[in-house]
Asker: 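Below is one structure. I have some questions about it.
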Amino acid sequence: MEWLVHTENQIPAETSTAERDRIRVAERARAMELRAQGVLKRLWRTPGRHGTVGLYECRDATHLHDTLASLPMFPWLEVTVEALATHPQEMVTGDGRTTTGQTCGTDGTVHDNVTEDPTPDLAGGRSEGHDEQPV
């Protein structure tokens, strides 16, 4: 399961430069371990802030919590987590079929045993590439 994790560094201002540097080195080393394990998929900085946004892949919420708690910076992090679910359009292959072989309409709706685009336009013909609902 994938998780979008927003963190904001709340390390106390009185923390010495040497201690900050030690924590940063340890944090980077742990992040590299998580990348090697396939747990930390992507990491972005939050411009103008002391925060990051990370894409994690963990088997469940407990695994994610344990992963985040293993970060050296964890005691000083404000963390917000969003669980992610696969959108139906992400399951569509280039030939208009889902990864399970079902036909998918232009609106992302899965249709069983349909051989052509099942979405009619208002005149009763076929849709010309516009979705009925916003994505």
Side-chain angles (χ1 to χ4, degrees):
M1 181 170 194
E2 291 181 315
W3 308 82
L4 194 62
V5 178
H6 301 259
T7 63
E8 189 73 26
N9 178 346
Q10 303 290 327
I11 196 164
E14 63 272 6
T15 305
S16 71
T17 302
E19 180 63 5
R20 284 175 187 269
D21 290 345
R22 185 195 66 74
I23 294 169
R24 280 190 193 113
V25 168
E27 185 82 2
R28 179 169 175 76
R30 180 62 182 138
M32 297 305 286
E33 290 171 359
L34 293 172
R35 281 184 185 272
Q37 294 169 6
V39 172
L40 178 57
K41 303 304 238 177
R42 297 285 312 265
L43 189 62
W44 298 268
R45 290 182 302 135
T46 308
R49 303 188 62 124
H50 295 289
T52 63
V53 176
L55 179 63
Y56 288 77
E57 188 168 333
C58 295
R59 62 186 166 271
D60 56 31
T62 300
H63 182 217
L64 176 65
H65 176 79
D66 292 345
T67 297
L68 297 174
S70 76
L71 296 170
M73 192 75 71
F74 185 73
W76 303 283
L77 291 179
E78 180 178 315
V79 179
T80 305
V81 175
E82 295 177 61
L84 302 175
T86 304
H87 189 281
Q89 288 185 0
E90 293 297 318
M91 294 185 274
V92 178
T93 62
D95 66 356
R97 297 199 175 272
T98 66
T99 54
T100 59
Q102 296 168 302
T103 301
C104 188
T106 59
D107 64 352
T109 303
V110 174
H111 305 276
D112 291 323
N113 302 321
V114 177
T115 58
E116 58 183 82
D117 182 355
T119 311
D121 67 56
L122 295 178
R126 295 290 171 212
S127 173
E128 291 299 322
H130 0 284
D131 291 338
E132 296 295 322
Q133 299 176 4
V135 177

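In this text, all values refer to a predicted model and were calculated from it rather than measured experimentally.
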Asker: Mind checking whether V5 and F74 sit in one hydrophobic cluster, side chains of I, L, V, M, F, W, Y counted as touching below 4.5 Å?
Answerer: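 Both belong to a single hydrophobic cluster.
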Asker: Looking at H63 and E57, what are the two nearest heavy atoms and their distance?
Answerer: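 So the minimum-distance heavy-atom pair works out to CE1-O, 4.5 Å.
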Asker: To the closest 0.5 Å, what do you measure between OG1 (T15) and CZ (R22)?
Answerer: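 Separation between the atoms: 10.5 Å.
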Asker: Do M1 and L64 have side-chain heavy atoms sitting under 4.5 Å apart?
Answerer: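 They are not in contact (no side-chain heavy atoms under 4.5 Å apart), so the answer is no.
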Asker: Would V53 and V39 show up in the same hydrophobic cluster when neighbours are defined by side-chain heavy atoms closer than 4.5 Å?
Answerer: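 Hydrophobic grouping puts V53 apart from V39.
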Asker: How long is the span from the CD atom in E8 to the OG1 atom in T46, to the nearest 0.5 Å?
Answerer: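 Atom-to-atom, E8:CD and T46:OG1 are 6.5 Å apart.
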Asker: To check you understand the geometry: which heavy-atom pair defines the closest contact between W3 and V81, and what is its length?
Answerer: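 Looks like CE3-CG1, 3.6 Å.
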Asker: Any chance you could measure L71, atom CG, to R28, atom CZ, to the nearest 0.5 Å?
Answerer: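 Atom-to-atom, L71:CG and R28:CZ are 14.0 Å apart.
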Asker: Can you give me the closest heavy-atom contact between W76 and P12, atom names plus distance?
Answerer: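 Smallest heavy-atom distance, with atoms named: CD1-CD, 3.2 Å.
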Asker: When rounded to the nearest 0.5 angstrom, what is the spacing between CG in N9 and CD in E78?
Answerer: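 The CD atom of E78 is 11.0 Å from CG of N9, to the nearest 0.5 Å.
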Asker: Out of I23, L68, T7, which one pairs with M73 under the side-chain contact (heavy atoms from CB on, under 4.5 Å) rule?
Answerer: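 When I23, L68, T7 are each tested with M73, the side-chain contact (heavy atoms from CB on, under 4.5 Å) holds only for I23.
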Asker: Is there a side-chain contact between L55 and L84 (heavy atoms, below 4.5 Å)?
Answerer: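 Yes - at least one pair of side-chain heavy atoms lies under 4.5 Å apart.
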Asker: Using 0.5 Å steps for rounding, measure from the OG1 atom of T17 to the CZ atom of R24.
Answerer: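 These two atoms lie 8.5 Å from each other.
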Asker: So do R35 and L43 actually touch side chain to side chain, heavy atoms under 4.5 Å?
Answerer: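 The answer is yes; the side chains approach within 4.5 Å.
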Asker: Using 4.0 Å as the upper bound for N to carboxylate O, is an ion pair formed by E27 and R30?
Answerer: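 Salt bridge absent between R30 and E27.
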